[in-house]
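A short write-up of the structure that comes next.
Values in this document were obtained by computation on a predicted structure and should not be read as measured data. The first residue in the sequence is number 1, and the count goes up from there. Just so you know, ligand 1 is whichever comes first in the structure, and atom 1 is the first atom listed for that ligand. Worth knowing before you read on, the calculation uses all heavy atoms, side chains too, and leaves out hydrogens, waters and symmetry mates.
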Amino acid sequence: MSKSNMYKIAVIPGDGTGPEVVAEGLKVMEAASKKFNFKYETREFDFSGKRFLKTGNLVSDKDVDELKKYHAIYLGAVGDPNVKPGIIETGVLLKLRFALDQYINLRPVKLYSSNYCPLKDKNPEDIDFVVVRENSEGLYKGMGEFKDKGTKNEVAIQISYNTRAGVERCIRYAFEFSRKRNKKKTLTLCGKTNVLTYAWDLWQRTFDEVAKEYPDIKTDYAHVDATTMWFVKNPEWFDVIVTDNMFGDIITDLGAMIQGGMGIAAGGNINPQGVSMFEPIGGSAPKYTGKNVINPLAAICAAGMLLENIGEAKAARCIEDAVIKIVQTKLTSLAAGKMGYSTSEVGDLVVRNL
Ligand code: IPM
Ligand code: MN
């Protein structure tokens, strides 16, 4: 997205600890805007489990049209323990991802300090890769059916839906990203070609074809089960990984753990031609809500990714550097309640170190 004089940012604080961490991200964004001289305005949208319980409303097509007027969306977390699983997820988060065609879920896995890595003898130089997760198809498409529901003969079918165009645009994005990232210039396809012989045949063929256009990028393949093994054993092998929606969901939770936990893991739902949405990848953490103990760094890093996306790369870089500095020199843990500081104090620390 090109530079603008006045960015418009939609903010969805959501449920649980979402509003607390979003407040810290906005605090940091505000400080960064002064330092780097850019202007923005925000508008809050109250899509959430809370609102659904009160009004029955999720995200409507009209809401989506409204959001299209913004340069980016900043999301805290949605989900309420009093709502049956699946309703808020599909009605808010997945609705936004799909309706805004945010077909990439970009999840950097980067260790900022060896102190917070659960793996023995792994250091920041060993854990620094990015997962490009397809974000609009696969098992998330919601296709399937029950047969003879509730009987002994019941069959439940859930379809993994993969289109050539959908797979290709994701793979192409991953190649472009590997080139731009300019580190090991290695792109690994993570799949399951040995068992899922329709879906992964398409992925593999598309990957091989697109690879021909990127002779400067080394390519590799790993089955998804082996990928989880390598994340623990040899994370230093990875640079950029491209995978489908379901596998990407699973491996990025493991990725979050080896980078120090949900408190630090951020991601972006990206439509390269449209409106993207940035979020901490952890959930709404109901048990920590309102206690000022949750780690806001994932949300602060998501704010950094948002700024990079709208064209403020310097501010983004500076936010990440400040986060690295306080993680290395101030915090006693990245876990909620154990940081040595409250949620708002961590936000203040980042601001002071910009
Ligand atoms: C994530 C989450 C979501 C997903 C859920 C909340 C629908 O786990 O962003 O990884 O499965 O994509
Ligand atoms: Mn997930």
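Taking a 6.0 Å sphere around NZ of Lys27, one finds it holds more than 12 heavy atoms contributed by other residues, nucleotides or ligands.
Ranking the protein heavy atoms by distance from atom 11 (O) of ligand 1 puts Tyr140 OH, 2.7 Å first. Looking at atom 1 (C) of ligand 1, its nearest protein heavy atom turns out to be Arg107 NH2, 3.3 Å. For atom 5 (C) of ligand 1, the closest non-hydrogen atom on the protein side is Leu93 CD2, 4.2 Å.
Nearest N/O/S atom of Asp249 with respect to the Mn ion (ligand 2) is recorded as OD1.
Looking at Arg133 next to ligand 1, an N or O pair under 3.5 Å apart turns up. Of the N or O atoms in Asp249, one or more lie within a sub-3.5 Å distance of an N or O in ligand 1.
Looking only at distances, a side-chain donor or acceptor of Glu89 sits under 3.5 Å from a matching main-chain atom of Gly86.
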Notebook entry, point to check: What do the steps show when you test Glu308 against Arg317 for salt bridge (charged side-chain N to carboxylate O under 4.0 Å, His left out), and what is the final call?
Noted result: CA-CA 8 Å; Glu308 148 109 63; Arg317 185 72 244 159; over 6 Å; no

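Of the candidates Thr90, Asp249, Asp244, Tyr140 forms a side chain to side chain contact (heavy atoms under 4.5 Å, CB included) with just one, namely Asp249. Each of Val323, Ile294, Ile326 was scored for a side chain to side chain contact (heavy atoms under 4.5 Å, CB included) with Val346, with one residue passing: Ile326.
Using a 4.0 Å cut-off between charged side-chain N and carboxylate O, Glu213 and Arg172 make a salt bridge.
Neither the backbone nor the side chain of Met246 comes within contact range of ligand 1; no heavy atom lies under 4.0 Å.
Heavy-atom contacts of Arg97 reach the following atoms of ligand 1: 1 (C), 4 (C), 9 (O), 12 (O) (cutoff under 4.0 Å).
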